[in-house]
Amino acid sequence: MSIFDYGVIVCYLLFITSLGFIFRKFSSDSSDFFRGGGNMLWWLVGATAFMTQFSAWTFTGAAGYAYSNGTMIMVIFIGNAFGYFCTFLFSAARFRQMRVVTPMEAIRDRYGKVNEQFFTWVWLPIGIFYAGIWLTGISSFVSVVFGMDLKLTILAVGLVVLFMASLGGSWAVVASDFMQVMILIPISMVAAFLAIQAVGDGSFASGAATFTSKLPEHHFDWTILLRPQIIIFWVVAMIIKQFSTINNLNDSYRFLFAKDTRNARKAGLLASLLFLFGPIIWFIPPMAAAILYPDLSAIPELSTLNNMADGAYVAIGLRTMPMGMIGLMVSAIFAATISSMDSGLNKSAGIFIRNFYKPVLRKDATETEYLVAAKIVTAVFGLLVISASLLISTSDLGLFDVMQLFSANVAIPFVIPLIWGFIIKKSPAWSAWSTVIFGFVISLFTTRIMNPEIIRGVLGLDSAFTDVEYTHYLQFIGLLFNVILSSLWFLGTVVFSRYNSRDSE
């Protein structure tokens, strides 16, 4: 790192921090603070939808997976593109037409007040843990670049994000998302170009010609690491997971910002197109690292990481980028995580204020009080995210595995009734919270109780799971069981809709 790199990073952080001051007067009430008053255009909403769907985890955990396993990682991001294309086709417009400030208000309108409180208090720890994963991802990256202690890095980065999100609200969040897309895409393209050039010993033409031939064979032939049955079920599960985490009532908040349904639909299409293009350039550097640095333990900067593969992207960036470009790379990775974290903090604080503080604690408070409380709650949640990240950093699992296991076994049970409730209008109120509880039980059963050998036999595999196969098995088994069985549970409750369609008001 040169003085030019440090200068770029300082300028970037000052710019991001200034957004909080610039947009602090845009929020005159809680609706402005949490969703920009529902007055944003499609290019702003599309940028924030794109940026909030990934984070530095893409450049650490997912890049580590690309380093180890190759092109299979593309499946997850194709799932994102598919999910957002579906929002373009039908769900984005319907989300915007709900005309609510937070997604929990939509849940209240659909299922009643009891479910509003249930989903509020289940979501808050989930949202904090997700943000903790994102913060760990960016901190792992930064700790390698600066040679800092990981825990100290988590604290420093977390406080920067906390400050911006608590000061400026949704306008600062969305404006920073758009600007960060403008930073992320070109820097990612440069990183990919330099990585291919490095493979070709300084020649891009030579690198492009030899890139695929020098990659480990299993980067394209997935069956070398995983048997076909495992691959099929994992791919199906990942597509379903990414679709589910985009098209549900809880994640409808991305489109509540939009000015109207037309802008909401165009935002979904923009996010879909960006997710088709992005993975092509994001995962070239870590795959190139698999060619240039097959043994990452030989790179001293990665010694601070529990899982060295998480540092594959930064390893090749440090060795291929000229002075000043490393600072831009760090800024781009900052951009990815700051977008996810500040949006997550803004969303969680909005849910707490609008769905608990306002209806339960302070029904008759002024909008000024709600706005002040929102900023305080955002700061408190930010500190909880930092604590969660410090806990996650002690895990021996790679960030990719932590993210996928958490999504499959916790997030998916949470969103199942929020997908079906968007489609089916008549069901008893208890169908929603009971489906979530049933899903958590399914997750506990599949991960802690069920014998994997039973599934191995059902799949027709003639030998035990390898370590790699077992990790992928854990990622898909809970998800598929949850999607199927929790959906059947919810659909089964529909027959009781004649007796109770909502909680009593």
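These numbers were taken from a predicted model, which means no experiment stands behind them.
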>> Determine whether F119 and F414 satisfy the following criterion, ring-ring contact (aromatic ring centres under 6.0 Å, His included), listing intermediate values before the conclusion.
In response: CA-CA 8 Å; F119 280 90; F414 180 83; 5.3 Å; yes

> Can you list the steps and then say if Y130 with F406 is a ring-ring contact (aromatic ring centres under 6.0 Å, His included)?
Replying inline: CA-CA 8 Å; Y130 260 131; F406 183 76; 5.1 Å; yes

> Is the closest basic N to carboxylate O distance between D260 and R265 below 4.0 Å?
Replying inline: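 The answer is no: the pair does not qualify as a salt bridge.
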
For residues [X] and [Y], determine if any side-chain heavy atom of one lies less than 4.5 Å from a side-chain heavy atom of the other.
{"X": "P103", "Y": "I351", "answer": "yes"}
{"X": "V410", "Y": "F129", "answer": "no"}
{"X": "I412", "Y": "S244", "answer": "yes"}
{"X": "V45", "Y": "N263", "answer": "no"}
{"X": "S463", "Y": "R227", "answer": "yes"}
{"X": "L480", "Y": "I240", "answer": "yes"}
{"X": "I126", "Y": "W123", "answer": "yes"}
{"X": "M104", "Y": "N250", "answer": "yes"}

Hey, is the main chain of [Y] close enough, under 3.5 Å, to the side chain of [X] for a donor-acceptor pair?
{"X": "T223", "Y": "P228", "value": "no"}
{"X": "S393", "Y": "L390", "value": "yes"}
{"X": "T71", "Y": "H219", "value": "yes"}
{"X": "N115", "Y": "A429", "value": "yes"}
{"X": "Q475", "Y": "H472", "value": "no"}
{"X": "E469", "Y": "L226", "value": "no"}
{"X": "R456", "Y": "F465", "value": "no"}
{"X": "S389", "Y": "T136", "value": "yes"}

> Would T446 and N409 satisfy side chain to side chain contact (heavy atoms under 4.5 Å, CB included), going step by step from the backbone distance to the final call?
Replying inline: CA-CA 9 Å; T446 55; N409 294 291; 4.1 Å; yes

>> Using the rule given for side chain to side chain contact (heavy atoms under 4.5 Å, CB included), can you reason through V360 versus Q117, listing the C-alpha separation, both sets of side-chain angles and the distance that settles it, and then say yes or no?
In response: CA-CA 10 Å; V360 177; Q117 295 305 310; 4.0 Å; yes

Fit a plane to each ring of [X] and [Y], take the angle between them on a 0 to 90° scale, and name the class: parallel (under 30°), tilted (30 to 60°) or perpendicular (over 60°).
{"X": "F476", "Y": "Y473", "result": "perpendicular"}
{"X": "F95", "Y": "F422", "result": "tilted"}
{"X": "Y313", "Y": "F59", "result": "perpendicular"}
{"X": "F352", "Y": "F381", "result": "perpendicular"}

Identify the heavy atoms of [X] and [Y] that sit nearest to each other, and give their distance.
{"X": "T261", "Y": "R96", "value": "N-CG, 4.1 Å"}
{"X": "L459", "Y": "Q229", "value": "O-NE2, 3.2 Å"}
{"X": "R110", "Y": "G421", "value": "NE-O, 3.1 Å"}
{"X": "K266", "Y": "W42", "value": "NZ-NE1, 3.4 Å"}
{"X": "A66", "Y": "P286", "value": "CB-CG, 4.1 Å"}
{"X": "A464", "Y": "E453", "value": "CB-OE2, 4.2 Å"}

> Does the separation of the ring centres of W121 and F356 fall below 6.0 angstrom?
Replying inline: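 Centroid distance W121-F356: below 6.0 Å, so yes.
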
> Side-chain donor-acceptor pair under 3.5 Å between T493 and W430, yes or no?
Replying inline: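 On atom types as modelled, these side chains do not qualify, holding no pair under 3.5 Å.
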
> Between D251 and T245, do the side chains contain an N or O donor and an N or O acceptor separated by less than 3.5 Å?
Replying inline: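 D251 vs T245: no donor-acceptor pair found between side chains.
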
> Take atom CZ in F85; do more than 12 heavy atoms of anything else shown fall under 6.0 Å from it?
Replying inline: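 At most 12 heavy atoms, drawn from other residues, nucleotides or ligands, come within 6.0 Å of this atom.
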
>> Counting only heavy atoms not in F233 (residues, nucleotides, ligands), do more than 12 fall under 6.0 Å from its CZ?
In response: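 No, not enclosed.
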
>> One pair to check against side chain to side chain contact (heavy atoms under 4.5 Å, CB included): D109 and M98. What are the steps and the verdict?
In response: CA-CA 9 Å; D109 292 344; M98 293 188 301; over 6 Å; no

Find the distance between [atom1] ([X]) and [atom2] ([Y]) and round it off to the nearest 0.5 Å.
{"X": "F438", "Y": "W433", "atom1": "CZ", "atom2": "CH2", "value": "13.5 Å"}
{"X": "N482", "Y": "F440", "atom1": "CG", "atom2": "CZ", "value": "8.5 Å"}
{"X": "I442", "Y": "T435", "atom1": "CD1", "atom2": "OG1", "value": "11.0 Å"}

> Which is it for I280 and M74 under the side chain to side chain contact (heavy atoms under 4.5 Å, CB included) test, yes or no, and what are the steps along the way?
Replying inline: CA-CA 8 Å; I280 298 173; M74 301 289 187; 5.6 Å; no

>> Strictly by side chain to side chain donor-acceptor pair (under 3.5 Å), give each pair with a member in residues 74-91 just once, sequence neighbours left out.
In response: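 Passing the test, one end in residues 74-91: Q53-N80, N80-Q242, Y84-R254, S91-N247.
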
> Can you tell which of S431, S487, S427 makes a side chain to side chain donor-acceptor pair (under 3.5 Å) with W420?
Replying inline: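 Between W420 and the candidates, side chain to side chain donor-acceptor pair (under 3.5 Å) is satisfied uniquely by S487.
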
